[in-house]
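Below, all heavy atoms of this structure are taken into account, side chains as well, without hydrogens, waters or symmetry copies. Numbers for residues simply follow the sequence, beginning at 1.
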Amino acid sequence: LSTEARLLRAEDFFQRSRWAEALVEARALLASEPRNARATALAQRAEEEQVIEGCLQNARAALKQGDRERAEQEVRRGFVIRKSDPRLLAMFREVMQQP
């Protein structure tokens with residue numbers, strides 16, 4: 001695939017919340033074009049999304065187990081990546097409302 005086709009494919013994966021596949025495509029492009037700014041930015045954003053999704057999943061699991069403290073820690077870990085992510089903010093409110 002051409003550089004543009006690979007970027008479009010990676011961006012399509014990203015838009016469909018397929019973070020791992022977007023990251024694979026971006027990294028594959030970076031292997032041959034390490035200075036490609038679009039691929040670098042996309043890889044970084046995909047990595048961030050994977051971390052945030054992991055934090056959200058862990059927080060939900062902790063809440064289901066009644067572990068509010070662990071859920072809060074997971075949300076705060078996500079905030080390190082992106083302070084104003086609406087999903088994290090919603091989860092934080094949910095965690096804080098738990099007894």
Side-chain angles (χ1 to χ4, degrees):
L1 295 174
S2 71
T3 297
E4 188 62 25
R6 278 211 121 124
L7 281 168
L8 290 174
R9 185 174 175 177
E11 289 168 349
D12 180 59
F13 283 138
F14 188 87
Q15 293 301 319
R16 292 187 288 144
S17 302
R18 293 170 62 177
W19 320 125
E21 291 155 302
L23 184 57
V24 166
E25 284 295 326
R27 285 184 176 163
L29 181 55
L30 287 170
S32 62
E33 295 184 32
R35 294 178 184 245
N36 187 301
R38 278 176 62 194
T40 299
L42 186 60
Q44 182 177 348
R45 288 182 11 234
E47 287 173 344
E48 289 172 356
E49 290 297 335
Q50 284 185 308
V51 171
I52 289 170
E53 276 299 316
C55 292
L56 290 168
Q57 289 174 2
N58 292 340
R60 285 185 200 104
L63 282 181
K64 283 184 181 179
Q65 296 170 352
D67 190 345
R68 180 177 177 255
E69 185 176 321
R70 192 174 104 228
E72 183 179 347
Q73 288 173 346
E74 287 295 329
V75 173
R76 290 187 185 280
R77 190 168 70 96
F79 282 148
V80 170
I81 302 297
R82 192 174 303 128
K83 295 176 187 174
S84 61
D85 186 283
R87 298 164 298 172
L88 289 168
L89 293 169
M91 179 58 70
F92 186 74
R93 283 189 296 275
E94 185 178 337
V95 169
M96 292 297 109
Q97 292 174 356
Q98 297 297 315

Linked, directly or transitively: [X] and [Y] (ILVMFWY side chains, under 4.5 Å):
{"X": "Leu89", "Y": "Leu56", "result": "yes"}
{"X": "Leu42", "Y": "Phe13", "result": "no"}
{"X": "Leu7", "Y": "Val24", "result": "no"}
{"X": "Phe79", "Y": "Ile52", "result": "yes"}
{"X": "Trp19", "Y": "Val51", "result": "no"}

Output side-chain donor-acceptor pairs under 3.5 Å for residues 91-99, partner residues at least two apart or in another chain, one line each.
none

Locate the shortest heavy-atom distance separating [X] from [Y]; write the atom from each residue and the value.
{"X": "Ala46", "Y": "Ala22", "value": "CB-CB, 4.3 Å"}
{"X": "Ala59", "Y": "Val75", "value": "CB-CG2, 3.9 Å"}
{"X": "Ala26", "Y": "Ala10", "value": "N-CB, 4.2 Å"}
{"X": "Ala28", "Y": "Arg6", "value": "CB-NH2, 3.7 Å"}
{"X": "Ala39", "Y": "Leu29", "value": "CB-CD2, 3.8 Å"}
{"X": "Arg9", "Y": "Leu1", "value": "NH1-CD1, 3.8 Å"}

Asp12 side-chain N/O to Leu8 backbone N/O, donor-acceptor pair under 3.5 Å: no
Audit row: Glu72, Arg76, side-chain contact (heavy atoms from CB on, under 4.5 Å) steps and yes/no: CA-CA 6 Å; Glu72 183 179 347; Arg76 290 187 185 280; 2.9 Å; yes
Gap separating the [atom1] atom of [X] from the [atom2] atom of [Y], nearest 0.5 angstrom:
{"X": "Glu25", "Y": "Leu30", "atom1": "CD", "atom2": "CG", "value": "11.5 Å"}
{"X": "Thr40", "Y": "Arg27", "atom1": "OG1", "atom2": "CZ", "value": "11.5 Å"}
{"X": "Cys55", "Y": "Arg60", "atom1": "SG", "atom2": "CZ", "value": "11.0 Å"}
{"X": "Asp85", "Y": "Glu53", "atom1": "CG", "atom2": "CD", "value": "8.5 Å"}

Under the side-chain hydrogen bond (donor to acceptor under 3.5 Å, both in side chains) test, residues paired with Gln65 that sit two or more places apart: Arg70
SB check Arg38 Glu4 (cutoff 4.0 Å): yes
Matching residue for Glu49 among Arg18, Arg87, Arg16 - test: salt bridge (charged side-chain N to carboxylate O under 4.0 Å, His left out): Arg87
Glu74 vs Arg77, salt bridge (charged side-chain N to carboxylate O under 4.0 Å, His left out): CA-CA, chis, key distance, verdict: CA-CA 5 Å; Glu74 287 295 329; Arg77 190 168 70 96; 3.0 Å; yes
Stepwise side-chain contact (heavy atoms from CB on, under 4.5 Å) check, Leu23 with Glu21: CA-CA 5 Å; Leu23 184 57; Glu21 291 155 302; over 6 Å; no
